Asks: 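I have a structure I would like to understand better, so I am pasting it below and will then ask my questions one at a time.
Convention: sequence-line order gives letters A, B, ...; per-chain numbering from 1. These numbers were taken from a predicted model, which means no experiment stands behind them.
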There are 2 protein chains.
Amino acid sequence: MNSQDVILGLLLNRPRSGYEIKSAFEAPLAYFFDASFGTIYPTLAKLEKLGYIEKENVVQDNRPNKNVYSITDSGRERFMAYMNSPLDVETYRSDFMVRLFFGEHQSREKLIEWIRRGIEQAKREVSKLREERKRWDAGMSPSQRICADLGVELNESKIRVLEEGLRQFEEQLQ
Amino acid sequence: MNSQDVILGLLLNRPRSGYEIKSAFEAPLAYFFDASFGTIYPTLAKLEKLGYIEKENVVQDNRPNKNVYSITDSGRERFMAYMNSPLDVETYRSDFMVRLFFGEHQSREKLIEWIRRGIEQAKREVSKLREERKRWDAGMSPSQRICADLGVELNESKIRVLEEGLRQFEEQLQ
DNA sequence: CAACCCATGTAAATCGTTACATGATTTG
DNA sequence: CAAATCATGTAACGATTTACATGGGTTG
């Protein structure tokens with residue numbers, strides 16, 4: 001899976017501009033894949049060159065003009081080939097957890113501080129995801145609802161584990 | 001955070017060869033960061049050139065010789081600078097979840113099949129992590145235990161959410 | 001009028017994966 | 001004797017981030 005596959009998937013629903021694709025990377029999709037403008041625009045150019053999408057320039061009155069891309073039959077085929085290809089292995093990359101892993105090389109106070117911040121951060125994330133989940137709920141497919149739920153659940157797991165860890169660190173301080 | 005930081009962290013405990021570093025990427029660390037030989041060896045060469053680590057060639061009888069690297073004072077400083085630098089944002093990249101997100105473009109049967117496999121996969125992962133957690137438990141620091149617990153918990157969350165999703169899909173089939 | 005949103009792109013640099021290349025030793 | 005483990009590296013390629021560059025329109 002790469003940005004090509006995901007962008008084709010987004011264009012399968014409806015034509016979009018690069019800017020609109022960027023804003024489609026919100027929860028719940030953003031939780032599992034994200035791309036910046038520096039990826040999106042070159043990828044659109046490449047997909048067009050490959051014949052998977054077509055560009056149409058749309059003139060707007062009150063806003064800058066935009067290039068709206070739609071998926072072609074060839075693009076649909078390519079997307080379906082991706083959907084049936086072998087799954088990539090999942091990766092969860094966490095600087096925060098790596099630092100915890102190396103926590104022996106920090107003071108207990110600092111570790112406690114880190115964990116507290118991690119908990120706060122995860123709580124903010126849960127609020128954000130729940131809010132977005134409510135906001136998009138009507139338009140979500142059943143499988144998208146699973147994605148949204150997982151985003152929330154993963155963060156809640158994290159909160160539970162960190163709170164339990166924090167409790168143990170604090171006990172040892174007394 | 002990048003492979004340089006993580007490798008320095010591993011060398012902080014004890015000197016290791018590239019091959020030994022690779023095998024240090026097991027649970028729970030591997031769950032949050034991983035590196036291949038193609039990353040490890042060039043990174044070691046770079047770290048040595050930068051003066052963060054030192055190479056010693058160790059001759060072995062029954063095995064091929066190896067290059068064992070130890071961290072220098074400069075390397076320790078560099079690692080501590082990393083530990084106190086701003087946190088990178090976490091990324092959870094999941095091909096599986098992205099395909100679920102685009103699930104509208106698949107048959108319900110296929111989706112059910114996918115979700116079942118996802119559940120099985122997560123269960124295998126839980127077994128593996130629990131086993132490794134038991135195996136390393138004695139030698140783990142308190143914060144490493146948090147890492148190990150989180151690996152298990154995240155997978156269990158995933159199993160719960162997928163099982164609930166599966167239930168809903170199956171209901172609709174009847 | 002400042003800040004923010006809309007809108008598109010490029011270029012350099014970094015980072016990492018995969019495959020290739022090699023070879024000794026041990027274990028079943 | 002085959003397979004697995006130990007051991008080190010390179011090279012090509014692909015992917016992505018970050019910063020740069022530009023500029024119109026809207027909103028408070």
Side-chain angles (χ1 to χ4, degrees), chain A residues 1-8 11 15-26 29-30 32-50 53 55-69 82 85-93 95 98, chain B residues 1-8 11 15-26 30 32-50 53 55-69 82 85-95 98:
Chain A
M1 174 195 53
N2 57 25
S3 47
Q4 285 190 33
D5 302 316
V6 179
I7 288 174
L8 285 178
L11 295 183
R16 300 177 204 244
S17 67
Y19 195 84
E20 286 159 359
I21 287 170
K22 175 64 186 152
S23 67
F25 286 116
E26 285 192 30
L29 216 212
F32 308 108
F33 185 89
D34 201 2
S36 61
F37 285 123
T39 299
I40 293 170
Y41 288 115
T43 302
L44 284 170
K46 197 175 177 188
L47 287 171
E48 195 196 6
K49 210 173 119 198
L50 292 167
I53 61 176
K55 173 159 70 175
E56 193 201 350
N57 189 262
V58 174
V59 177
Q60 297 187 114
D61 284 352
N62 43 355
R63 279 163 203 209
N65 299 344
K66 57 183 178 179
N67 298 322
V68 173
Y69 294 89
Y82 152 65
S85 68
L87 264 185
D88 289 351
V89 175
E90 289 191 336
T91 56
Y92 176 36
R93 189 170 171 152
D95 192 13
V98 167
Chain B
M1 173 195 54
N2 56 25
S3 47
Q4 284 190 33
D5 301 316
V6 180
I7 288 174
L8 285 178
L11 294 183
R16 303 174 201 244
S17 67
Y19 195 82
E20 286 159 358
I21 286 170
K22 175 66 188 152
S23 68
F25 286 115
E26 285 193 27
F32 307 108
F33 186 89
D34 202 3
S36 61
F37 285 123
T39 297
I40 292 170
Y41 287 115
T43 301
L44 285 170
K46 198 175 177 189
L47 287 172
E48 195 196 7
K49 212 173 117 199
L50 291 167
I53 62 176
K55 174 159 71 176
E56 195 201 349
N57 190 263
V58 173
V59 177
Q60 299 186 114
D61 285 353
N62 43 357
R63 280 164 204 205
N65 299 345
K66 57 182 177 179
N67 298 323
V68 174
Y69 294 89
Y82 152 65
S85 68
L87 264 186
D88 289 352
V89 175
E90 289 191 337
T91 57
Y92 176 36
R93 191 171 171 149
S94 172
D95 192 13
V98 167

Asks: Could you state the OH-P distance from Tyr19(B) to dA4(D), rounded to the nearest angstrom?
Replies: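 These atoms are roughly 13 Å apart.
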
Asks: Mind listing the side-chain donor-acceptor pairs of residues 34-49 of chain A below 3.5 Å, one per line with the distance, residues two or more places apart or on another chain?
Replies:
residue  : atom : partner  : partner atom : Å
Thr43(A) : OG1  : Ser3(A)  : OG           : 3.4
Thr43(A) : OG1  : Thr39(A) : O            : 2.6

Asks: For a 4.0 angstrom threshold against heavy atoms of chain A, report the outermost contacting nucleotides of DNA chain C in 5' to 3' order.
Replies: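 The footprint of chain A covers dC5(C) to dG16(C).
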
Asks: Are the side chain of Asp88(B) and the backbone of Met1(B) linked by a donor-acceptor contact shorter than 3.5 Å?
Replies: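 Pair found, side chain donor or acceptor close to backbone of Met1(B).
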
Asks: Tyr41(A) has an atom OH; how far is it from atom C1' of dT17(D), in whole Å?
Replies: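 Interatomic distance, OH of Tyr41(A) to C1' of dT17(D): 16 Å.
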
Asks: Evaluate the side chain to side chain contact (heavy atoms under 4.5 Å, CB included) criterion for residues Phe32(A) and Glu90(A): first the C-alpha distance (whole Å), next the side-chain angles of each, then the deciding distance (0.1 Å), finally the verdict.
Replies: CA-CA 9 Å; Phe32(A) 308 108; Glu90(A) 289 191 336; over 6 Å; no

Asks: Given 3.5 Å as the limit, does a donor-acceptor pair link the side chain of Asn65(A) with the main chain of Gln60(A), or not?
Replies: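 Yes.
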
Asks: Tell me which of Thr39(A) and Arg63(A) sits closer to the 5' end of DNA chain D, going by the nucleotide each one is nearest to.
Replies: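 By nearest-heavy-atom nucleotide position, the 5'-most residue is Thr39(A).
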
Asks: With a 4.5 Å heavy-atom cut-off, do Ile21(B) and Leu11(B) have their side chains touching?
Replies: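 Answer yes - side chains close enough.
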
Asks: Could you check how far CG of Leu50(A) sits from C1' of dG14(D), rounded to whole Å?
Replies: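 Interatomic distance, CG of Leu50(A) to C1' of dG14(D): 14 Å.
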
Asks: How many Å lie between CZ on Phe25(A) and C1' on dT17(D), as a whole number?
Replies: 15 Å

Asks: Please check the phosphate of dA15(D) (OP1 and OP2 only) for any side-chain N or O of Arg93(B) closer than 4.0 Å.
Replies: no

Asks: Round to the nearest Å and state the distance from Gln60(A) atom CD to dG24(D) atom P.
Replies: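 Gln60(A) atom CD is separated from dG24(D) atom P by 16 Å.
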
Asks: Checking the side chain of Asp95(B) only, and the main-chain atoms of Val98(B) only, is there a donor and an acceptor separated by less than 3.5 Å?
Replies: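 The answer is no, because no donor-acceptor pair under 3.5 Å joins these two groups.
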
Asks: Apply side chain to side chain contact (heavy atoms under 4.5 Å, CB included) to the pair Phe33(B) and Arg93(A), showing each step before the final yes or no.
Replies: CA-CA 5 Å; Phe33(B) 186 89; Arg93(A) 189 170 171 152; 3.3 Å; yes

Asks: Using a heavy-atom distance cut-off of less than 4.0 Å, which residues of residues 1-8 of chain B contact DNA chain D?
Replies: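 Result for residues 1-8 of chain B: none.
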
Asks: Measure the spacing between OH of Tyr82(A) and CG of Asn2(A) and express it to the nearest 0.5 Å.
Replies: 8.5 Å

Asks: Give one of base, sugar-phosphate or nothing for Gly38(A), where a contact means two heavy atoms less than 4.0 Å apart.
Replies: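 Counting heavy atoms under 4.0 Å across all strands, the contact made by Gly38(A) includes a base.
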
Asks: Separation of Ile40(B) atom CD1 from dC6(D) atom C1', in whole Å?
Replies: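 Result: 14 Å.
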
Asks: Taking the side chain from Asp5(A) and the backbone from Leu8(A), do they hold a donor-acceptor pair closer than 3.5 Å?
Replies: no

